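In this chain, residues are counted from 1 in sequence order. Owing to the predicted nature of the structure, the values given are computational and were not obtained by experimental measurement. Just follow the structure's listing: the first ligand is 1, and inside any ligand the first atom is 1.
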Amino acid sequence: MSETGDMGLVVVGAAGRMGQTLIRAIHTIPGARVIGAVERADSPHLGRDAGELAGVGRIDVAISDDPLPVFAKADGVLDFTTPASTVEFAGYAAQARIVHVIGTTGCSADDNARIAAAARHATIVKSGNMSLGVNLLAVLVEQAARALDAGDFDIEILEMHHKHKVDAPSGTALLLGEAAATGRGIALAGNDVRSRDGHTGVRREGSIGFATLRGGSVVGDHSIILAGTGERITLSHHAEDRAIFARGAVKAALWGRGRKPGLYSMRDVLGLS
Ligand SMILES: NC(=O)C1=CN([C@@H]2O[C@H](COP(=O)(O)OP(=O)(O)OC[C@H]3O[C@@H](n4cnc5c(N)ncnc54)[C@H](OP(=O)(O)O)[C@@H]3O)[C@@H](O)[C@H]2O)C=CC1
Ligand SMILES: O=C(O)C1=N[C@H](C(=O)O)C[C@H](O)C1
């Protein structure tokens, strides 16, 4: 805990796009404070002040490559890094029995199993999208999928992100796919169509299709298309600024403080479950 009673937060991946956005967000949110910043051992940013790097001025937190001592004095960790590092950080958060907010996407089933195991001791909030808008959209998608029969409406999910993104479909697209599958009363696994190429045959009734676009600086666009015969419904979200994810992540950390260990979602945090 920080000396002020504020929630002391560590930002891992502090020099990344989300890492810097998180440091700027924490700077403006009452009740939270950056007390640690972590980057990889070979990062050119080690030793730099995390606030100066993020553009908010000196905060007297030097970027370190050693998570253990930093986690030991923290109340929570904000993690938008890579699946392998997130699994490692989940183990450290469990040892320290603190809150771990995970925004990292592209985790495998094995990664998710390890994160779930860590949630026996850490309070973990994990979501493919931390924004209020997308989590509300997921509720609407679930309702629409439930209301519209698979025989009448086909569900397709289209996403576009910046050219630096490394995983596909996006975590958000998968979250929305899960919501659609829940609405339809089916599992997403086995009913998802991740790509199409060549002679695909006709569309399988009840499947949920994904299409991925990458380019430029797009922060994150998602559309869910419910396509019927003679009509089409499109539900969309457009992220204009990464600050929406960062504010959601800080909200999740504050919500998790003092809560019993477990694996929670942003829907839990936002009361949308
Ligand atoms: N859930 C949500 O709301 C959102 C999720 N995301 C997800 O967050 C993740 C990060 O995105 P983004 O910020 O754009 O990516 P960046 O590549 O800009 O940032 C990731 C940062 O983590 C660092 N890093 C990698 N491994 C480690 C490690 N072991 N220890 C410490 N730091 C490490 C990277 O360092 P280096 O560059 O040296 O490898 C980099 O600085 C992605 O999975 C993305 O999909 C993004 C936005 C919103
Ligand atoms: O990599 C990103 O940038 C984003 N990743 C998340 C995702 O995979 O859905 C959230 C957001 O769309 C931005």
To the nearest 0.1 Å, how far is [atom] from its closest protein heavy atom, and which atom is that?
atom: atom 30 (N) of ligand 1; value: F89 CZ, 3.4 Å
atom: atom 19 (O) of ligand 1; value: G16 CA, 3.4 Å
atom: atom 5 (C) of ligand 1; value: G103 O, 3.0 Å
atom: atom 10 (C) of ligand 1; value: F80 O, 3.4 Å
atom: atom 44 (C) of ligand 1; value: T105 OG1, 3.6 Å
atom: atom 29 (N) of ligand 1; value: S85 CB, 3.2 Å

Would you call [X] and [Y] a side-chain contact if the rule is heavy atoms closer than 4.5 Å?
X: T212; Y: S170; answer: no
X: H27; Y: R24; answer: no
X: I29; Y: L254; answer: yes
X: L9; Y: R33; answer: no
X: D110; Y: R114; answer: yes
X: I124; Y: I115; answer: yes

- Message: Rounded at 0.5 Å granularity, tell me how far CG in D60 sits from CZ in R58.
- Response: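 It is 5.0 Å, given to the nearest 0.5 Å.
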For [atom], tell me which residue out of [options] has the closest non-hydrogen atom.
atom: atom 21 (C) of ligand 1; options: G248, G13, A239; answer: G13
atom: atom 8 (O) of ligand 2; options: R17, K165, H164, H237; answer: K165
atom: atom 33 (C) of ligand 1; options: R17, K126, R40; answer: R40
atom: atom 1 (N) of ligand 1; options: S127, P44, S43; answer: S127

- Mind checking whether F80 and V11 sit in one hydrophobic cluster, side chains of I, L, V, M, F, W, Y counted as touching below 4.5 Å? yes
- Query: Going hydrophobic residue to hydrophobic residue with side-chain gaps under 4.5 angstrom, can you get from L188 over to L226?
  - Reply: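 Yes; tracing contacts between hydrophobic side chains, which count when under 4.5 Å, links both residues.
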Has [X] got a side-chain atom pairing as donor or acceptor with [Y]'s backbone, closer than 3.5 angstrom?
X: R184; Y: L148; result: yes
X: D192; Y: G190; result: yes
X: S85; Y: T81; result: no

- Message: Between S64 and D66, is the side chain to side chain donor-acceptor pair (under 3.5 Å) condition met? List the steps.
- Response: CA-CA 6 Å; S64 151; D66 188 359; 5.8 Å; no
Pairs under 3.5 angstrom only: tabulate donor-acceptor contacts from the side chains of residues 91-99 to other protein residues two or more places apart or in another chain.
{"unit_1": "Y92", "atom_1": "OH", "unit_2": "E88", "atom_2": "OE2", "d": "3.0"}
{"unit_1": "R97", "atom_1": "NH2", "unit_2": "H121", "atom_2": "ND1", "d": "3.0"}

Backbone or side-chain N or O of [X] under 3.5 Å from ligand 1 N or O:
X: E39; result: yes
X: A15; result: no
X: M18; result: yes
X: T104; result: no
X: K165; result: yes
X: M130; result: yes

- Could you pull out the closest heavy-atom pair between I155 and A180, with the gap in Å?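 Smallest interatomic distance, heavy atoms only, reads CD1-CB, 4.0 Å.
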- Out of curiosity, is R242 lining ligand 1, as in a heavy atom under 4.0 Å away?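 Contact absent.
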- G171 to ligand 1, any heavy atom closer than 4.0 Å: no
Interfacing atoms of ligand 2 (cut-off 4.0 Å, heavy-atom, [X]):
X: H222; answer: 12 (O)
X: G128; answer: 6 (C), 7 (C), 9 (O), 10 (C)
X: H162; answer: 1 (O), 2 (C), 3 (O)
X: S170; answer: 7 (C), 8 (O), 9 (O)

- H161 and ligand 2 - part of the residue with a heavy-atom distance under 4.0 Å: side chain
- Which part of V219 is near ligand 2, with near meaning a heavy atom under 4.0 Å away: side chain, backbone, both or neither? backbone
- Message: Is it the case that ligand 2 has an N or O less than 3.5 angstrom from some N or O of G171?
- Response: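 N/O-N/O distance under 3.5 Å: yes.
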- Query: Based purely on interatomic distance, does T172 place a nitrogen or oxygen under 3.5 Å from a nitrogen or oxygen of ligand 2?
  - Reply: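 T172 vs ligand 2: N/O contact under 3.5 Å present.
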- Quick one: look at V12 and ligand 1, take heavy-atom pairs under 4.0 Å, and tell me if it's side chain, backbone, both or neither. neither
Could you tabulate the donor-acceptor pairs under 3.5 Å formed by side-chain atoms of residues 229-253, not counting sequence neighbours?
{"unit_1": "S236", "atom_1": "OG", "unit_2": "S223", "atom_2": "OG", "d": "2.8"}
{"unit_1": "H238", "atom_1": "ND1", "unit_2": "D221", "atom_2": "OD1", "d": "3.1"}
{"unit_1": "D241", "atom_1": "OD1", "unit_2": "A243", "atom_2": "N", "d": "2.8"}

- Task: Please indicate, with yes or no, if any protein heavy atom is found under 4.0 Å from atom 37 (O) of ligand 1?
- Result: no
- Query: Can you list the ligand 1 atoms lying under 4.0 Å from a non-hydrogen atom of T81?
  - Reply: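 Listed by number with element: 9 (C), 10 (C), 22 (O), 42 (C), 43 (O).
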- Mark yes or no: R257 above the aromatic ring of W255, with NZ or CZ under 6.0 Å from the six-membered ring centre and no more than 45 degrees from the axis.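 Geometry flag: not set, cation outside 6.0 Å or 45°.
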